[in-house]
Amino acid sequence: MEQAGRGLAGLSKSYDPKPIEDKWYSKWIEDGVFKADPNSGKPAFSIVIPPPNVTGSLHLGHALDNTLQDILCRTRRMQGYEVLWMPGTDHAGIATQNVVERAIREEGGDRREMGREAFVKRVWEWKDEYGSRIIGQLKKLGASCDWDRERFTMDEGLSRAVRRVFVELYKKDLIYRGKYLINWCPRCLTALSDLEVEHRELDGRLYSVRYDFVDGDGSVTVMTTRPETILGDTAIAVHPRDERNRHLVGRRVAAPITGRVIPVIEDNMVDPEFGTGAVKITPAHDPNDFLVGLRHDLEQISVMDDQGVMNENAVKYRGMDRFEARAAITDDLRNLGLLLDEIPHRHSVGHCYRCNTIVEPYLSEQWFVRTRPLADEDVAAVNSGKIRFIPEQWTATYHQWMENIRDWCISRQLWWGHRIPAWYCCDCGKITVAADEPASCESCGSKRLYQDEDVLDTWFSSALWPFSTMGWPDETPELEKFYPTSVLVTGFDIIFFWVARMIMMGLEFMKKPPFRDVYIHALVRDEHGQKMSKSKGNVTDPLVIIEKYGADALRLTLAALTLQGRDIFLSESRIETYRFFLNKLWNAARFALMSLEDAEHDIDEIDYGELRVHDLWIMARVSSTAEEMTRLSDGYFFGESSRLMYDFVWGELCDWYLELSKPALKGEEGDARKRATQSVLYSVFRDVLKLLHPVIPFTTEELWHVFGYGDTIIGRSSWPVPRDVPGGDAATSAMECIQAVTRAMRNLRAEVKMPPQQEAPEMRVRIKDSSIFDSIAKNEGLIRILSRVNRIEFMRDDAEKPEKSISYITGSWEIFFPVGSLLDIDKEIARLRAESAKLSKEAERISRKLSNKNFIDKAPAEVVEHDRAALADAESRIRRIEENISGLR
RNA sequence: GGUCGAUUAGCUCAGCGGGAGAGCGCUUCCUUCACACGGAAGAGGUCACAGGUUCGAAACCCGUAUCGCCCACCA
């Protein structure tokens with residue numbers, strides 16, 4: 001596999017990722033490059049992977065997330081850090097239970113018939129299959145995780161951490177159990193936290209219903225969007241300071257349908273401006289009403305069962321689905337003359353984030369985390385700068401949520417997950433909470449105990465991920481070395497679900513925040529900006545892209561499109577753009593390798609005495625590019641750094657340097673020049689490959705070995721540091737001149753439609769500015785190569801300008817392209833006139849500016865100077881163009 | 001109802017105080033010995049609208065409009 005020395009080594013004419021990627025990934029694993037040593041003396045850099053769900057396969061969001069993490073890890077390794085990238089997967093309780101249930105149903109089975117034990121066994125089988133599929137996909141992408149450390153949120157170690165945390169929080173009274181109104185999914189048959197409910201606007205109806213006073217004297221009208229909950233009404237409420245309605249307080253009405261006699265009460269929750277100012281109170285089916293019910297000690301009457309079907313409290317509607325019941329009750333109210341009005345009404349309705357069923361506020365016994373005390377610490381950590389969000393704007397989003405946080409319902413009525421470590425006593429009924437199954441009830445000593453049937457919210461275990469994966473609650477070398485982690489890379493969609501809760505748990509149990517930086521990236525959308533989803537059918541499988549374009553092309557595309565705070569619209573044409581870049585790089589390397597094949601000398605020795613302006617220029621440019629890359633990398637500027645390399649390689653290295661180096665490499669300038677140029681080329685490519693390696697590890701690894709830069713892999717080489725290039729600055733200025741002159745010459749050639757391969761016989765350059773005469777004239781050879789001109793004549797300012805030429809004119813120099821009788825004089829005059837007119841407009845604008853006293857007084861001196869120079873340049877150009885025009889006539 | 005973001009070339013987006021940039025697409029020319037997945041040269045924009053600050057605004061501030069995201073106990 002190792003290439004001995006340099007050579008084309010069968011480098012294909014176009015870039016083909018297929019033979020490269022698997023080969024190098026295996027080699028990296030074999031060499032143990034990704035292994036993290038907690039006993040290392042190097043500074044630590046650590047990241048925990050946001051564990052993908054074991055529900056299915058990776059999507060482009062994962063590809064982005066992991067590409068960015070990989071770029072950071074690979075860069076830091078080259079910069080001398082001991083890097084731990086902790087990999088693993090999440091059991092994803094409700095999501096995984098749902099997909100496995102569906103699979104079982106498709107086979108004609110049923111979870112309940114199977115029983116809990118058999119079902120859980122089946123989910124583990126699923127986890128083994130899909131978990132390893134996901135890991136395989138991450139490897140295809142090139143992720144440099146320390147795979148020996150792979151963890152799963154339900155493996156033994158992490159389960160132990162979960163139980164420990166539960167017990168400790170319970171002992172601190174930060175976990176409690178109680179009967180509350182929670183969000184219930186009637187399809188998944190489980191409680192959900194507030195976050196797991198997605199609110200969506202729906203078109204509903206707002207019904208006005210009449211409630212008659214039991215004393216027969218009048219009525220009160222209330223509005224509702226959910227007439228079926230009338231069956232659970234236990235009060236009518238008005239605002240205490242509502243003049244219109246306060247006389248009603250204390251009277252009693254008969255609820256429609258049920259005839260239940262209920263009081264009119266007063267409560268601040270009521271908005272006196274809405275409708276009639278009176279509201280029906282259903283404590284068992286509405287979160288607000290629930291709180292009102294607690295304040296007024298109202299009866300809580302559930303009218304539905306756990307599947308959203310009307311129960312025994314629903315009298316004649318019993319057995320109807322909740323929406324069926326709504327229609328039936330509306331009809332009945334209408335027939336009874338109690339339905340006074342009915343208007344269309346758009347309102348927001350909660351849906352289950354996993355199955356999209358409309359959730360039901362439902363009264364049940366659940367476990368909760370008391371979040372307020374934990375949240376206060378979190379906010380303090382972010383405010384004090386211990387945790388930094390990047391981009392910063394997410395700090396505000398985070399705060400807003402933390403400040404309004406409510407208790408977190410953590411119990412789920414599922415089978416797949418961490419069973420709640422709480423046991424109930426058959427004798428005294430008390431609860432024993434313990435990390436391991438208790439032998440007896442801690443209250444009465446009874447041995448007759450049974451464990452809580454419920455499992456924990458999946459996010460409870462992922463909240464512990466940064467330290468549970470490192471061996472907590474044991475004190476391990478990993479925790480010592482790598483906690484807190486350096487940065488968390490994730491999408492904004494799980495800031496609340498995951499990031500906030502990790503901060504809570506990290507601060508509570510480790511006394512340190514779990515990460516220093518939180519880099520929040522955008523969402524990957526399709527080319528039209530649509531969110532990718534299975535139902536829209538616009539999901540792109542990263543593996544399909546990798547198969548077609550290669551992992552490096554996908555990685556580079558994602559990185560280049562990652563600009564802070566913007567969603568990524570991904571399309572194949574964009575991937576092609578970066579795939580073309582890889583081909584360009586590949587061919588540039590091919591060219592370099594061809595040119596190095598006969599290099600016999602010590603190629604690492606650069607003979608500075610033999611270097612020309614373009615050699616010094618490219619070396620200086622590599623150095624400043626390396627410096628810039630370090631800065632961009634430190635600041636998480638993924639898009640900017642990828643584009644910087646793209647522009648440097650294509651726009652400078654390939655477009656200019658490789659072209660300029662050709663004569664020397666062909667030996668046209670002598671052996672010493674050839675050797676020096678070979679050395680420069682060799683040195684430049686080494687740094688370019690290193691700088692690109694974090695983004696395109698496979699391609700750079702392959703080329704690294706073909707170039708023969710060392711026996712070890714590129715990931716073990718060191719990150720380029722800026723180098724002082726003697727004469728580099730002067731060379732850079734000279735090159736700017738050369739580039740400008742060259743562009744002008746090409747322009748003139750195109751003007752007369754001279755084919756690019758046809759060598760122009762002669763160009764004349766009249767240089768007005770004597771300070772640049774040398775840097776241009778001295779480099780005649782370079783300009784000739786780039787412009788494909790046989791002969792260039794340089795003239796001082798006082799020289800006669802040539803006849804019958806078309807011209808390109810700047811303030812400092814003029815280029816004449818003699819075309820003799822071929823010249824269409826009228827056309828050339830028209831062109832120059834247009835040019836002159838454009839310049840006049842420009843000159844007029846600047847001169848207006850310069851005649852503004854305020855501008856001269858207040859603008860910085862260099863700006864004024866810049867404009868003066870610009871005006872002088874424009875005026876000089878106009879003058880020369882006019883001279884030219886009169887000369888042509 | 002509240003927050004945040006967006007509005008710049010046909011498309012996707014950079015630029016965030018000193019007279020507008022990239023990629024793709026488009027036009028013209030070119031298979032030259034690294035690359036046609038390429039090269040060279042072009043065309044194309046009152047920087048959403050209306051005010052303000054400033055010597056100077058695409059950029060900063062205040063509105064307006066449109067789009068998008070998130071949050072919310074909208075009966």
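To find a chain, count down the sequence lines: A is the first, B the second, and so on, and within it residues start at 1.
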Open item on the list: Looking at Glu844(A) and Arg848(A), is any side-chain nitrogen of the basic one under 4.0 Å from a carboxylate oxygen of the acidic one?
Closed with: yes

Open item on the list: One thing to verify: whether Glu576(A) and Arg579(A) come together as a salt bridge, which I'm taking to mean a side-chain N less than 4.0 angstrom from a carboxylate O.
Closed with: no

Task: First of Lys666(A) and Arg743(A) reached from the 5' end of RNA chain B, by closest nucleotide - done: Lys666(A)

Task: Output field: ring centroids Phe685(A)/Phe591(A) closer than 6.0 Å - done: no

Task: Integer-rounded Å distance: rA34(B) P and Leu593(A) CG - done: 13 Å

- [ ] In whole angstrom, give the distance that lies between atom CG of Leu703(A) and atom C1' of rA34(B).
- [x] 12 Å

Open item on the list: Determine whether the aromatic ring centres of residues Tyr15(A) and Phe581(A) are separated by less than 6.0 angstrom.
Closed with: no

For residues 341-350 of chain A, which side-chain donor-acceptor pairs fall under 3.5 Å, sequence neighbours excluded?
| from | atom 1 | to | atom 2 | distance (Å) |
| --- | --- | --- | --- | --- |
| Glu342(A) | OE1 | Arg334(A) | NH2 | 2.9 |
| Glu342(A) | OE2 | Arg205(A) | NE | 2.8 |
| Arg346(A) | NH1 | Asp203(A) | OD1 | 2.9 |
| Arg346(A) | NH1 | Asp203(A) | OD2 | 3.2 |

- [ ] Dump the intermediate steps for side chain to side chain donor-acceptor pair (under 3.5 Å) on Glu196(A) and Tyr353(A), then the final yes or no.
- [x] CA-CA 5 Å; Glu196(A) 290 169 306; Tyr353(A) 83 140; 2.9 Å; yes

Open item on the list: The side chain of Val863(A) is closest to which nucleotide in this list: rC71(B), rG18(B), rA75(B)?
Closed with: rG18(B)

Task: Under the salt bridge (Lys or Arg N to Asp or Glu O under 4.0 Å) test, residues paired with Arg868(A) that sit two or more places apart - done: none

Identify all pairs in which a protein N or O lies below 3.5 Å from an N or O of nucleotides 42-46 of chain B, and state each distance.
| from | atom 1 | to | atom 2 | distance (Å) |
| --- | --- | --- | --- | --- |
| rG42(B) | OP1 | Asn747(A) | ND2 | 2.3 |

TODO: Using the test ring pair (Phe, Tyr, Trp, His ring centres under 6.0 Å), find all partners of Phe368(A) that sit at least two apart in sequence or belong to another chain.
DONE: Tyr176(A), Tyr180(A)

TODO: Give the nucleotide from the list rA34(B), rG5(B), rG18(B) with an atom nearest to the side chain of Ala859(A).
DONE: rG18(B)

Open item on the list: Between P on rC37(B) and OH on Tyr15(A), what's the gap in Å once rounded to a whole number?
Closed with: 16 Å

Identify every side-chain donor-acceptor pair in residues 270-284 of chain A under 3.5 Å, counting partners at least two apart or on other chains, and give the distances.
| from | atom 1 | to | atom 2 | distance (Å) |
| --- | --- | --- | --- | --- |
| Asp271(A) | OD1 | Glu273(A) | N | 2.9 |
| Thr276(A) | OG1 | Thr221(A) | O | 2.4 |
| Thr276(A) | OG1 | Ala278(A) | N | 3.4 |
| Lys280(A) | NZ | Thr229(A) | OG1 | 2.7 |
| Lys280(A) | NZ | Asp233(A) | OD1 | 2.7 |
| Lys280(A) | NZ | Thr282(A) | OG1 | 2.8 |
| Thr282(A) | OG1 | Asp233(A) | OD1 | 2.6 |

Task: Quiz item: Glu659(A) side-chain donor-acceptor pair to rA34(B) base, under 3.5 Å - done: yes

Task: Stem segments of RNA chain B by first residue number [Watson-Crick or G-U, under 3.5 Å, at least 3] - done: B:4-7 with B:65-68, B:10-13 with B:21-24, B:26-30 with B:38-42

TODO: Would you indicate, yes or no, if rG39(B) has its OP1 or OP2 atom less than 4.0 angstrom from a side-chain nitrogen or oxygen of Lys584(A)?
DONE: yes

TODO: Round to the nearest Å and state the distance from Asn587(A) atom CG to rA36(B) atom P.
DONE: 7 Å

Open item on the list: Suppose we screen for ring pair (Phe, Tyr, Trp, His ring centres under 6.0 Å). Which residues come up paired with Phe496(A), at least two apart in sequence or across chains?
Closed with: Trp401(A)

Open item on the list: Heavy atoms only, 4.0 Å cut-off, all strands: where does Arg406(A) land among base, sugar-phosphate and nothing?
Closed with: sugar-phosphate

Task: Results of ring pair (Phe, Tyr, Trp, His ring centres under 6.0 Å) for Phe492(A) - residues two or more places apart only - done: Trp394(A)

TODO: State which of rU32(B), rC74(B), rA75(B) makes the closest approach to the side chain of Thr224(A).
DONE: rA75(B)

Report all side-chain donor-acceptor pairs from residues 547-557 of chain A shorter than 3.5 Å, counting only partners two or more places apart or in another chain.
| from | atom 1 | to | atom 2 | distance (Å) |
| --- | --- | --- | --- | --- |
| Lys548(A) | NZ | Glu572(A) | OE1 | 2.9 |
| Tyr549(A) | OH | Glu572(A) | OE1 | 2.4 |
| Asp552(A) | OD1 | Phe698(A) | N | 3.4 |
| Asp552(A) | OD2 | Phe698(A) | N | 3.2 |
| Asp552(A) | OD2 | Thr699(A) | N | 2.6 |
| Asp552(A) | OD2 | Thr699(A) | OG1 | 2.6 |
| Arg555(A) | NE | Val695(A) | O | 2.9 |
| Arg555(A) | NH1 | Asp70(A) | OD2 | 2.8 |
| Arg555(A) | NH1 | Leu141(A) | O | 3.0 |
| Arg555(A) | NH2 | Asp70(A) | OD2 | 2.8 |
| Arg555(A) | NH2 | Pro694(A) | O | 2.8 |
| Thr557(A) | OG1 | Ala553(A) | O | 2.6 |

Task: rC37(B) base / Arg579(A) side chain donor-acceptor hit below 3.5 Å - done: yes

TODO: Could you tell me whether Glu640(A) and Arg631(A) make a salt bridge, using a distance below 4.0 angstrom between a side-chain N and a carboxylate O?
DONE: no

Task: Listed nucleotide nearest any side-chain atom of Phe855(A), set rC55(B), rA75(B), rA41(B) - done: rC55(B)

- [ ] Identify whether the distance between the nearest side-chain nitrogen and carboxylate oxygen of Asp873(A) and Arg877(A) falls below 4.0 Å.
- [x] yes

Open item on the list: Considering every strand and a 4.0 Å limit on heavy-atom distances, what is the contact class for Glu273(A): base, sugar-phosphate, or nothing?
Closed with: nothing

Open item on the list: Base, sugar-phosphate or nothing for Ala588(A)? Non-hydrogen atoms, less than 4.0 Å.
Closed with: base

Task: Euclidean distance, atom CG of residue Leu748(A) to atom P of rA40(B) [Å, nearest integer] - done: 16 Å

Task: Between rU32(B) (P) and Lys662(A) (NZ): distance, integer Å - done: 13 Å

Protein-nucleotides 7-9 of chain B N/O pairs closer than 3.5 Å?
| from | atom 1 | to | atom 2 | distance (Å) |
| --- | --- | --- | --- | --- |
| rU7(B) | OP1 | Arg566(A) | NH2 | 3.2 |

Open item on the list: Please report the distance, rounded to the nearest Å, between CD1 in Ile785(A) and P in rA40(B).
Closed with: 15 Å

TODO: Identify whether any heavy atom of Ser14(A) sits under 4.0 Å from a base atom; if not, whether one sits that close to sugar-phosphate; answer base, sugar-phosphate or nothing.
DONE: base

Task: Short side-chain N/O contact from His399(A) to OP1 or OP2 of rU3(B), under 4.0 Å - done: no

If you restrict it to nitrogen or oxygen atoms, what contacts under 3.5 Å exist between nucleotides 22-28 of chain B and the protein, and what is each distance?
| from | atom 1 | to | atom 2 | distance (Å) |
| --- | --- | --- | --- | --- |
| rG23(B) | O2' | Thr577(A) | OG1 | 3.2 |

Open item on the list: So, using ring pair (Phe, Tyr, Trp, His ring centres under 6.0 Å) as the criterion, who are the partners of His614(A) when residues are at least two apart?
Closed with: Tyr657(A)

Open item on the list: Taking 4.0 Å as the cut-off, does a side-chain nitrogen or oxygen of Lys13(A) come that near to OP1 or OP2 on rC37(B)?
Closed with: no

Open item on the list: For a quick check of understanding: with a heavy-atom distance under 4.0 Å over all strands, which category does His345(A) fall into, base, sugar-phosphate or nothing?
Closed with: sugar-phosphate

- [ ] Please report the shortest heavy-atom distance between Thr742(A) and Ser787(A), naming the atom on each side.
- [x] CG2-OG, 3.8 Å

Open item on the list: From C-beta outward on Asn583(A), which listed nucleotide comes closest to its side chain: rC37(B), rA75(B), rU32(B)?
Closed with: rC37(B)

Task: Rounded interatomic separation in angstrom, taking CZ from Phe492(A) and P from rC4(B) - done: 16 Å

TODO: Kindly point out which of rG19(B), rA75(B), rC55(B) is positioned nearest to the side chain of Arg845(A)?
DONE: rG19(B)

